[in-house]
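So you know, we letter chains A, B, ... as the sequences are listed, proteins then strands, and number each from 1. Just so it is clear, the structure is predicted and the values come from calculations on it, not from any experiment.
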Amino acid sequence: MAGPQLKSTDTDNSNYAGLGPWLLLPSWLVIGFFLVLPVGLMLIYSFLTKEFRGGVVWDFSPAAYDQFFFDRGLFGDSAPTIELTYISIFWRSIWQAAVATILCLLIGFPTAWFIATKTGSNRTIWLFLITIPYWVNLLIRTISMKFLIRDNGPLNELLLSIGLISEPIHMINTNFAVQLGLFYSYLPFMVLPIYASVERYNFALSEAAADLYATKWVTLTKIILPVVKPGVIAGCILVFVPSLGAFLAPDLLGGAKNFMIGSLIEEQFKGNAGNWPFGAAASMILLSMVLVILTIYARQQVKAGDR
Amino acid sequence: MRQPDQSTQVGTLAVEVQNVTKNYGTFTALKDINLGIKDNEFFTMLGPSGCGKTTLLRSIAGFESISKGDLLLYGENIADLPPNKRPVNTVFQQYALFPHMNVTSNVMFGLERLGHSATDAKRRAREVLAMVQLTQFADRLPSQLSGGQQQRVALARALAPNPKVLLLDEPLSALDLKLRQSVRVELQQLQHETGITFVFVTHDQEEALTMSDRIAVMSNGQVQQVGTPVEIYEHPVNRFVADFIGDTNIIDVTVTKTTGQSATCRLPDGSTLLCEANDGAAEGTGHISIRPERIRLCNPGTGQLDGRIKSRVYLGTDLNVHVTLKDGTDVKARIQNTDGIDIPNVGEPVDLRLEASGTRLLVD
C-alpha cells in the first residue's frame, strides 16, 4: 500500500535511542485494554459453563458452540442434528445487512457524487447537513423512525391525504422497517468514504472516456466505478459490519419476527434469563465472519496498492 | 479584428470554425471566430493563457458547447454532437490515462468502444505502441511509467482509433525541456507518417514555430493572425502578434508617406526610416517593429540611427546589445558572435543599420 517508508533514524538521533519502545506504550495499552482483553475474555467465556442467574461457572465446556450449531433434542440425549434456529437468525442478519448496504450504496453514491462535484464552500455545507442527524442519539432516532412509519403515523397520513394509497401501508415490524432503520442509521458511513474518493477523482478521465467514444454508462462502469472503488468498498464495509451486529433497529422496528444477531446476543446478557457463554460464542462467530469480510477487503486493497 | 480566411481557396478543410462564440455568463471566451484547418495539416493555436485557445480546442472535441456559430468536420456539422459521437481524439494536458488499466488496455479502450473485436483491438494497440516506441511497456500501469512515457501512451491511445483529427492540448507542457525538444520532432514525424490532421494548442511560441504548418495566433478570444511560421514571424499583422512572437523593438513613429507595401516613418529622434507595411497602412501615428537580429552595428555616421551603447550581454552564440538613441529610446540588438566582431564599449557612440524587410509598420 502507498505510504511513506519511514526509515529508522535511531543512529542519527542518539538522544532518542532506546526511547522507541516506550513511545509505543500508549498504543499497546489501548490495543491491550480495548481489543485483546475484551476479545480474549469473550473467547474464554464462550468456553465456560453458564450459571442459571446469569454469569458463568469456571468449568471448560464447548456447550455454547454445540448449542449454536447442533440440536440434541429437549433433554440433550438424542442424536445431534443441525440446529437451524441460530443459523437462520445469522442468515437473516446477513441478508438484512446486505440489503441495507445496497440501499445505502444506491442512495449514498449519487449523494456523495453530488457533494463532491460542488464547489468549495458548498461542499462543506452539504457535508455538514449529512452529519447533523448524527448528533442525535441513535436510540432516539430509531424511535422517531418508528413513530414516522406507524400505521397511523405521519408517513401513512401523508400518503393517504394525497390519495396515493387508500389504506395505511403496514410497515412497522417488517423486514422493510428493519432495512429502513439500518439504512437510516448508517448512511453517512457510506457517503463519507465515497465522497473522499470521488473528491480525488480526476474528471479529465471522464472526458477522456467520452473522447474515446464511451457512452455515459460505459464511463460510469468502466472508468468511474473502478477508480473510486476503494471508497465504495470502504463504505460498504462500514455499513455492512455494524448493520450485521445492530440490535436497536431490529428490536424497535422489526419486532419479534425479525430477530437479528445483535438482538440475540443482547438478550443473552440482559437480566437473569441470559446465557453468557452462549452470547459470547455467538459474538465470536459474528466476529469471525466480520474478520473474513475484512480480510477479503484487505486483499483487495493490497492488489490496488500494487498498481 | 478578423483575418480573411486564407485557407478556403485550396484543399479540403478538416475543420471549419464558423462564427463561433462562447460565453461563460457575461464573460466571452471566444468572439466570433472563423478558422479553416486544412486536411493533413499540423495546425497550432498559439496564445497566452486565457486567450481562448483551449476553449476552442475543447469546443472541437465537444467538451464545451458553443454559444453561437457552427463547427464543421470535413463538411459535416458536429456542433450538436456529444464528444463520444465526434470522430476526433484528444491528447490531454495531464494525459488523463486510466489509472486502473495497463498501457495496452488504455490504448484499446477507444477501439473497443468502436466495436472492434478484442483481437483486432489488441493488434492495432500493438501497432500504435510500436509507433511510439512503447512496445516493452505494454503491460505496465500508467503509474509505473515516466512522464515522457505516459505522454506517449496518451498519444498512442488517441491515435489508435485513427481519428480524422487529433487534438493536442498543450501535451508537452508537463515534460522537461530536453524531452520536450525531442518530442517535438517525434510529433512532427508522427503527423507526417499518419497523415492525420493535428490541431495543437500551446502557449510556447518556439514549439509553435518549429512544429506547425500553420499557426493561429490568438488573444482575448479572437484570432489575431493565421499563417505559416514564416508569415507570422516575418509579417506580423499587428502589434500583439509582433510582440508575442519572438523578441522585438516596438517604437512609436509618425508615418509620413505610404506607398503600397512600404511606408516612410519618422522616429522620435527625428530620423526617418523606410519600412514594410501592410495594405491599408495610413499616414499619421503608428508603431514599427524592429527585430533585434535584423539590426547591424556600424561606425558612427554610416548608419540610419545614431546612438550610444547602453549595455552589452555576452550569450555565447550571440551578444545582446542595448543602444540608447538620441531621444532616449532604447533599442535592443542581437549580434551574432562571429569571428572578429568588434563591439564598442558602453557609453561609446554607435550607428544602427536597418533593412526595410526587418522593420515593419504595425496596425493595432
Side-chain angles (χ1 to χ4, degrees), chain A residues 1-5 109 112-113 116-122 193-194 196-236 296-307, chain B residues 54 57-58 60-64 81-103 105-116 121 125 139-145 150 153-163 165-169 174:
Chain A
M1 287 200 50
Q5 293 289 314
F109 190 90
W113 186 271
T117 50
K118 292 274 157 235
T119 50
S121 57
N122 282 336
I194 296 181
S197 44
V198 174
E199 205 231 329
R200 283 196 309 265
Y201 178 74
N202 174 9
F203 284 88
L205 296 182
S206 297
E207 285 187 349
D211 189 63
L212 294 161
Y213 316 108
T215 57
K216 292 207 162 119
W217 175 249
V218 170
T219 305
L220 177 69
T221 54
K222 295 223 171 216
I223 306 297
I224 296 170
L225 284 179
V227 172
V228 303
K229 193 172 71 179
V232 173
I233 291 176
C236 287
I296 293 169
Y297 172 62
R299 289 246 169 98
Q300 282 271 3
Q301 286 294 90
V302 168
K303 259 192 235 158
D306 281 345
R307 277 172 200 158
Chain B
T54 297
L57 189 88
R58 291 173 57 81
I60 299 172
F63 304 136
E64 307 279 352
L81 292 181
N84 59 332
K85 296 270 162 55
R86 300 188 187 196
V88 299
N89 289 129
T90 308
V91 178
F92 291 83
Q93 189 169 10
Q94 302 296 333
Y95 317 139
L97 299 177
F98 305 130
H100 57 298
M101 297 182 186
N102 69 17
V103 168
S105 307
N106 263 281
V107 177
M108 285 167 62
F109 189 85
L111 297 163
E112 287 169 332
R113 304 285 86 70
L114 288 175
H116 290 245
D139 297 326
R140 297 257 188 112
L141 288 167
S143 56
Q144 298 166 324
L145 299 176
Q150 291 182 19
V153 177
L155 199 57
R157 185 178 69 175
L159 282 172
N162 211 4
V165 173
L166 185 74
L167 307 171
L168 302 105
D169 184 9

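Not counting sequence neighbours, the partners of B:Arg58 by the salt bridge (Lys or Arg N to Asp or Glu O under 4.0 Å) test are A:Glu207, B:Glu64.
The candidate with the highest count of non-hydrogen atom pairs below 4.5 Å against chain A, out of B:Leu114, B:Leu167, B:Leu111, is B:Leu114. Heavy-atom pairs under 4.5 Å with chain A peak, among B:Val88, B:Asn89, B:Thr90, at B:Asn89.
Taking 4.5 Å as the limit, some side-chain heavy atom of A:Ile223 sits within range of a side-chain heavy atom of B:Met101. Residues B:Tyr95 and B:Asn106 are not in side-chain contact: their nearest non-hydrogen atoms beyond the backbone lie 4.5 Å or more apart.
Of the two parts of A:Ser206, neither the backbone nor the side chain holds a non-hydrogen atom closer than 4.5 Å to a non-hydrogen atom of chain B.
Taking CG of B:Leu155 as the start and CG of B:Leu168 as the end, the distance is 6.5 Å to the nearest 0.5 Å.
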